Amino acid sequence: MLNIGILGCGRIGHVHARSLQMVDGARVVAVADAFVEAANALASGVGAKAMTADEIIASPDIDAVVIGTPTDTHFDLIQSSAKAGKAIFCEKPVDMSADRIRECIKTVEAAGVPFLTGFNRRFDPGFAAVHARIAAGEIGDVELVTILSRDPSPPPVSYIKSSGGLFRDMMIHDFDMARFLLGEDVVRVYATGSALVDPAIGEAGDVDTAVAVLTTASGKICQISNSRRATYGYDQRAEVHGSRGLIRAENVRENNVEIANGAGFRSAPAQHFFLERYAGAYLAEMMHFIDCLASGRAPSPGIRDGLAAQVIADAAARSLATGIVVELG
Ligand SMILES: NC(=O)c1ccc[n+]([C@@H]2O[C@H](COP(=O)([O-])OP(=O)(O)OC[C@H]3O[C@@H](n4cnc5c(N)ncnc54)[C@H](O)[C@@H]3O)[C@@H](O)[C@H]2O)c1
């Protein structure tokens, strides 16, 4: 039985603690939060002990940590957890700075500890099936990838100010999905964006509506469309066009009822947001992590995938600021 410590008892910490209750071969033994009340609440909910993050990392009885604290705390927790020999599940983004992620890679690889970056969308049944069927050759060679990703409504401007911007906070998931579906590294990035949803987001120096175009060395192209607003629910779709056909994953709706009358066909909105839409993906992601620890396989996506997505996000931010196409080294 693997003993797991959860660091951060907020939104995503609760999701991962609940997933672990459903996964064989692992249990949550300890949780930590900067706010003791938050740690106590989750600890009593899952039958674990509330401890400090330092105590969890130092405990010889704990095999792995799940880092679900705010992004600016990931670096220190990764460094100390890796040095203590803990397996690490770290939420995305690994860090806001590619250089700091490179430092984490050094520490993690020197310690030889397993590391999973929390790009949960790879574990969504729809996107995972698209990936598997491309790998099986069902659409031939991939040529064009289209990713549509739109939140139901924008977060508060206070969040935007510390988020690192749309490319590093939101489109980072799509940059990882682009790499997952393209099957090749990205070499060129162009991005544009506007503040069309909330002018205050523009005043805070960010955009809420954006498009990025990514190109690989062999010329495969991916276009990503993001908005902080979608009136019909959380819009999460992908289409891949290949030499022998296309494959796409559509939105998951609140229910599968359709009504038809003289005005046409109507069905339910897309599931509201990430907690609903990706509930199954978070569970599958945790099952993969625990399975890797039990079997000795390396978790995927790993820390280098976290870096690759961050490098693309940085390039997109630079392209938006300068209006030029950014070549990746
Ligand atoms: N993969 C996904 O779909 C997904 C979804 C949401 C959030 N995230 C990521 O998860 C991380 C947390 O996001 P959230 O929405 O759960 O935030 P949150 O604010 O809801 O929760 C974070 C918790 O961490 C606690 N905390 C802060 N500093 C700490 C420290 N040093 N030690 C222990 N606890 C500390 C806070 O008190 C808070 O309870 C972020 O990196 C975010 O980008 C990923």
Side-chain angles (χ1 to χ4, degrees), residues 5-19 28 30-43 45 48-59 62 65-81 86 88-97 100-101 104 116-124 127 149 151-152 155-156 158-177 180 226 234 236 271-286 288-289 299 301 303 305-306 309-310 313:
I6 304 264
L7 309 181
C9 303
R11 284 188 306 179
I12 210 71
H14 277 258
V15 169
H16 294 319
R18 276 199 300 273
S19 293
V28 182
V31 305
D33 196 279
F35 289 99
V36 178
E37 308 79 51
N40 287 338
L42 183 58
K49 217 172 144 188
M51 295 166 73
T52 67
D54 288 346
E55 284 167 348
I56 289 178
I57 291 166
S59 167
I62 293 177
V65 293
V66 175
I67 302 178
T69 53
T71 304
D72 60 0
T73 66
H74 292 181
F75 179 87
D76 288 341
L77 295 172
I78 291 168
Q79 292 288 341
S80 50
S81 299
K86 302 285 182 250
I88 300 169
F89 176 135
C90 181
E91 261 311 330
K92 54 52 65 178
V94 176
D95 192 87
M96 289 296 179
S97 141
R100 282 157 63 92
I101 299 177
C104 288
L116 180 120
T117 301
F119 286 128
N120 54 294
R121 293 183 193 178
R122 290 192 185 207
F123 299 89
D124 171 73
F127 297 137
S149 176
D151 288 354
S158 56
Y159 172 87
I160 295 277
K161 284 180 180 160
S162 61
S163 70
L166 179 141
F167 297 112
R168 296 182 183 93
D169 176 54
M170 178 177 173
M171 205 182 278
I172 188 100
H173 274 294
D174 307 302
F175 295 139
D176 181 66
M177 184 55 59
F180 187 52
N226 269 188
Y234 188 36
Q236 297 287 289
Q271 283 185 330
H272 176 63
F273 208 4
F274 63 90
L275 293 176
E276 297 86 6
R277 174 67 170 79
Y278 289 121
Y282 291 124
L283 177 58
E285 176 185 48
M286 190 56 79
H288 169 75
F289 180 63
I303 191 165
D305 296 298
Q310 190 69 31

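When a ligand or atom number is given, it counts from 1 through the structure's own listing order. Any value given below was found using the heavy atoms of this structure, including those in side chains, with hydrogens, waters and symmetry copies removed. These numbers come from a predicted model, not from an experiment.
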Checklist entry - Stepwise, does the side chain to side chain contact (heavy atoms under 4.5 Å, CB included) test hold for V31 with M51? => result CA-CA 6 Å; V31 305; M51 295 166 73; over 6 Å; no
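With ring centers used as reference points, H288 lies under 6.0 Å from F123.
Residues passing the ring-ring contact (aromatic ring centres under 6.0 Å, His included) test with F127: none are found, sequence neighbours excluded.
Here the straight-line distance linking atom CG of L283 with atom CD of E285 works out to 10.0 Å at 0.5 Å rounding.
You'll find the side chain of H173 reaches within 4.5 Å of the side chain of N120, heavy atoms only. Counting only heavy atoms from C-beta outward, the side chains of I78 and C90 approach each other to under 4.5 Å.
Ordered by chain and residue number, the residues placing a heavy atom less than 4.0 Å from ligand 1 are G8, C9, G10, R11, I12, D33, A34, F35, G68, T69, P70, T71, T73, H74, E91, K92, P93, G118, N120, H173, F274, Y282.
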